[in-house]
Amino acid sequence: MVGNRRQASRAWIIILSIAVLTILPIILNQVGVLGVDSYFQYNRIYEAEMQIRHGNFSFLNLYSFQQAGRIVNQVYSPLLTFLFGAILLVTGTWFKFQIVSMILVNFFAGISMYYGAKKLKFNFAICVALASIYMTSFSIYGFMYSTSWRALAVAFVPLLIGPMKAFYSGDWTLREMLFLGVIIGIIAQAQIISAALVLPILIPFFVVGLIKTQSKWRALGRLLMGILLALVLSLNVIMPYLELLKGSHLLPPTNMPLINGVTNAVVPFTDHSGPLSLPIISLFFYGALAALLLFWRTLSGFTRTLTIMAAVYLVLGTNLVPWSIIGLQWPALESYLQLPRRFIITGLSFLFLSDMLVVQELRLNGVFHWTQAGIKLLTTIVATAAVVSLAVAAATFVARQSDPNISIAAGLGTNDNNVFAHRYHGKKIKTITDLQPVFHVKDKSALIQVVDRRTPDYVPIQGNYSTSTDYYSAYVRYVISPKSKFHHQVLPGGVLRLTWSQKRARQIRVPVVVYGNTQVILNGEMLAHKELRPSIISTPMVHGKRGANHIDLSYQPKMMTVISIWWSVLAWVIVGLSTIKYCLFNRQIKRG
């Protein structure tokens, strides 16, 4: 038992060291990095930090997203965003926050993979090697490059391997079903779409296990308890979103042609500055296919099923699937799925695990005579290559972020139409290097305010969504462009106030958006929504008086939504306390 604890401690130390090593170029060069999703996510994190700092909690994003009265945090990973907001509050600067957050995401991905591999009874060296390969993979390093939130979601996916084994064997214990509910709940807290994408992987294991089990109704009852737990844990995300949908038409996330979101990992290519993740994925993929073709009868049913599902997910993320036609037939997928590579990102951990299961079973069945030491050596070589190549790629990325010839838009991985840069200490922000000073100052609002990104996700729109309407240009016209003419102030009680002055009484459009339950008070008088004459993105037209005017926005959620959120928070507290109690109890038993 003492040996197991020491082994676990060694694993944690190694994984933490790798998490640090992969971002060492960022640490040593003291260069803050940004990518295509960074401004969207950093606005959310800054909002959470400010609400915690001032104890001023609201459904509205009071401090971020152009202070336009938008609701983003409450429908997108609220609990984890508050956790990251607390980290920003403690670390003090955006650069320190970046370092801590990157290490944490890498570390949790590695630990998750380590314990997933332990469930399959791999030895210590292979478990650590697989953890290293996964935490430096295509699925996870997106957080370093662009603050991709899906990396945070899939960091916990390998932990599903335990419930998958329980499903397949027909041994649906209450503990495993509740654990399944918790892991799905964690993934949903990070990103609902990732939770939705991972659920189909479980289906074949569920079907086989249901056939095998002798007590089907009891097993289904335990599964139902796991499902209910996942739903309760996710109520804080689901109920606010449903409330907004009921009261407003919401602008869906960015519409993207599906074919542009594939990654052909089955035909890898990398330059000398890129990480080796895609070639490694390709190696594992073709190894899996070869094993299925040559040794189908030798492999166990669980291994075959896991390998097939992992391979299917990898293929789904490539252009071997006719995504252009699918996008034309189901255009909603271009807003909600967006990137077919998400299938690869979601299923990649199972590809790594299934390949090692194949190697383990073929060796045990005497198909080949590799020694255990030889397998450990080969896996460690691949893991080392993955870690070193990602560190090299990070150094190249840092060099790009330090290049004064890279424009702010190019540095953010977008085009000029999506970026509206302002001044910092009198200097116009033009290049990505002009942003470096704001990473290191204690005024965290500077990074948020010097650049406006055209990302109007979840803005309420008038009428049904239309692909022919340019909502992004409308957001620039009605929010970003006029916002400097108004003074923004956050008041206690979750109230956002905009103040302006006009020379005569007249109609004026205010750069805020109004949801179905948003309360609007103009100069002390409550306005009915029918008086607001909203634009296509629901910015109100009000009648301002001569002289000073102010408009106050607040949001009062429905009682059932508030109750549901508290149920979810309470459930997470109980899960957390139960986990601590379980770990302490197990430790006492092992000591005894």
Side-chain angles (χ1 to χ4, degrees), residues 26 29-51 53-54 61-70 72-73 81 84-85 87-89 91-99 101 145-147 397-398 400-457 472-473 475-490 496 498-499 511-512:
I26 299 173
N29 288 279
Q30 295 286 292
V31 171
V33 295
L34 292 170
V36 66
D37 288 339
S38 296
Y39 256 94
F40 180 78
Q41 305 299 354
Y42 282 4
N43 268 267
R44 298 194 313 106
I45 294 166
Y46 174 71
E47 178 70 30
E49 189 249 10
M50 291 297 285
Q51 289 197 17
R53 177 187 292 274
H54 297 287
N61 279 53
L62 302 170
Y63 304 90
S64 57
F65 292 107
Q66 294 80 39
Q67 292 188 284
R70 291 168 59 180
V72 181
N73 282 29
T81 304
F84 277 75
I87 294 171
L88 177 61
L89 179 64
T91 53
T93 69
W94 280 109
F95 179 75
K96 292 177 182 177
F97 166 80
Q98 276 197 341
I99 299 303
S101 62
Y145 278 96
S146 65
T147 326
F397 186 49
V398 166
R400 178 177 171 79
Q401 295 278 308
S402 306
D403 187 346
N405 297 313
I406 301 294
S407 71
I408 181 68
L412 293 175
T414 186
N415 57 58
D416 292 336
N417 294 331
N418 288 329
V419 178
F420 299 86
H422 307 292
R423 294 181 178 273
Y424 181 67
H425 287 176
K427 180 183 178 182
K428 176 73 173 179
I429 300 293
K430 295 181 179 179
T431 69
I432 194 67
T433 56
D434 291 337
L435 279 176
Q436 286 304 315
V438 299
F439 279 98
H440 302 277
V441 297
K442 291 187 177 180
D443 179 13
K444 283 153 283 188
S445 66
L447 180 63
I448 301 302
Q449 294 173 358
V450 295
V451 172
D452 285 317
R453 281 280 276 116
R454 192 172 68 154
T455 51
D457 299 24
Y472 283 66
S473 294
Y475 189 76
V476 175
R477 175 185 175 186
Y478 291 119
V479 175
I480 292 178
S481 294
K483 73 164 189 167
S484 61
K485 300 174 183 177
F486 296 77
H487 174 68
H488 297 71
Q489 183 182 6
V490 178
L496 178 65
L498 271 66
T499 306
V512 293

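The analysis underlying the following values was restricted to heavy atoms, covering all of them including side chains, and did not include hydrogens, waters or symmetry mates.
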Asks: OG1 of T93 to CD1 of I99: how many Å apart, nearest 0.5 Å?
Replies: 9.5 Å
Asks: Of all the heavy-atom pairs spanning P437 and V441, show the shortest one and how long it is.
Replies: O-CG1, 3.5 Å
Asks: Of all residues at least two apart in sequence or in a different chain, which pass the side-chain contact (heavy atoms from CB on, under 4.5 Å) check with Q449?
Replies: S445
Asks: Report the residues that fulfil ring pair (Phe, Tyr, Trp, His ring centres under 6.0 Å) with H422, sequence neighbours left out, ordered by chain and then residue number.
Replies: none
Asks: Residues two or more places apart in sequence or in another chain: which of them pass side chain to side chain donor-acceptor pair (under 3.5 Å) with Q401?
Replies: none
Asks: Crowded around K483 NZ? As in, over 12 foreign heavy atoms under 6.0 Å?
Replies: yes
Asks: Can you give me the closest heavy-atom contact between F97 and F84, atom names plus distance?
Replies: CE1-O, 3.4 Å
Asks: What pairs with Y424 under ring pair (Phe, Tyr, Trp, His ring centres under 6.0 Å), at least two apart in sequence or on another chain?
Replies: none
Asks: Side-chain contact, heavy-atom cut-off 4.5 Å: R453 with L412?
Replies: yes
Asks: For S481 and V476, indicate whether the former's side chain and the latter's backbone hold a donor-acceptor pair under 3.5 Å.
Replies: yes
Asks: Mind checking what makes side-chain contact (heavy atoms from CB on, under 4.5 Å) contact with R477, not counting sequence neighbours?
Replies: none
Asks: For a side-chain contact (heavy atoms from CB on, under 4.5 Å) check, start with the C-alpha distance between D457 and V72, then their side-chain angles and the critical distance, and finish with the verdict.
Replies: CA-CA 8 Å; D457 299 24; V72 181; over 6 Å; no
Asks: Test of understanding: with side chain to side chain donor-acceptor pair (under 3.5 Å), list the residues that count as partners of S146, not counting sequence neighbours.
Replies: none
Asks: Tell me, do I432 and D403 make a side-chain contact under 4.5 Å, heavy atoms counted?
Replies: no
Asks: Which residues pass the ring pair (Phe, Tyr, Trp, His ring centres under 6.0 Å) test with F439, sequence neighbours left out?
Replies: none
Asks: Taking all non-hydrogen atoms of both residues, which atom of N61 and which atom of F65 are closest, and how far apart?
Replies: ND2-CD1, 3.3 Å
Asks: Looking at every non-hydrogen atom in both residues, tell me the closest pair between H488 and Q66 and how far apart they are.
Replies: NE2-O, 3.8 Å
Asks: Are W94 and I448 close enough that some pair of their side-chain heavy atoms sits under 4.5 Å apart?
Replies: yes
Asks: Hey, could you give me the CG/CG distance between D452 and N418, rounded to the nearest 0.5 Å?
Replies: 12.0 Å
Asks: Measuring from N29:CG to I26:CD1, what's the distance to the nearest 0.5 Å?
Replies: 9.0 Å
Asks: Would you check if the side chain of K430 reaches a backbone N or O of A421 as a donor-acceptor pair within less than 3.5 Å?
Replies: no
Asks: Which is it for L435 and I429 under the side-chain contact (heavy atoms from CB on, under 4.5 Å) test, yes or no, and what are the steps along the way?
Replies: CA-CA 7 Å; L435 279 176; I429 300 293; 4.3 Å; yes
Asks: Under the side chain to side chain donor-acceptor pair (under 3.5 Å) rule, collect the residues that match up with S38, sequence neighbours excluded.
Replies: T147
Asks: Would you mind listing every salt bridge (Lys or Arg N to Asp or Glu O under 4.0 Å) that reaches into residues 435-450, with sequence neighbours excluded?
Replies: E49-K444
Asks: Which heavy atom of S407 sits nearest a heavy atom of D416, and at what distance?
Replies: OG-OD1, 4.4 Å
Asks: Output, in order, the C-alpha distance, side-chain angles, deciding distance and verdict of side-chain contact (heavy atoms from CB on, under 4.5 Å) for Y39 and T455.
Replies: CA-CA 9 Å; Y39 256 94; T455 51; over 6 Å; no
Asks: Test side-chain contact (heavy atoms from CB on, under 4.5 Å) on V490 and L496 and set out the steps.
Replies: CA-CA 5 Å; V490 178; L496 178 65; 4.3 Å; yes
Asks: Could you work out, with salt bridge (charged side-chain N to carboxylate O under 4.0 Å, His left out) as the rule, every residue matching D434, not counting sequence neighbours?
Replies: K427
Asks: Excluding sequence neighbours, so at least two apart, what forms ring pair (Phe, Tyr, Trp, His ring centres under 6.0 Å) with Y63?
Replies: H54
Asks: Any chance you could measure Y46, atom OH, to L89, atom CG, to the nearest 0.5 Å?
Replies: 11.5 Å
Asks: Which residue in the set E47, Q51, R44 passes side chain to side chain contact (heavy atoms under 4.5 Å, CB included) when paired with S64?
Replies: E47
Asks: What pairs with Q98 under side chain to side chain donor-acceptor pair (under 3.5 Å), at least two apart in sequence or on another chain?
Replies: Y42
Asks: With rounding to the nearest 0.5 angstrom, report the CD1 to CZ distance, I408 to F420.
Replies: 13.0 Å
Asks: Can you measure from CD (Q30) to CZ (F95) and round to the nearest 0.5 angstrom?
Replies: 4.0 Å
Asks: Do you know the tightest heavy-atom contact between P511 and P482?
Replies: CB-CG, 4.0 Å
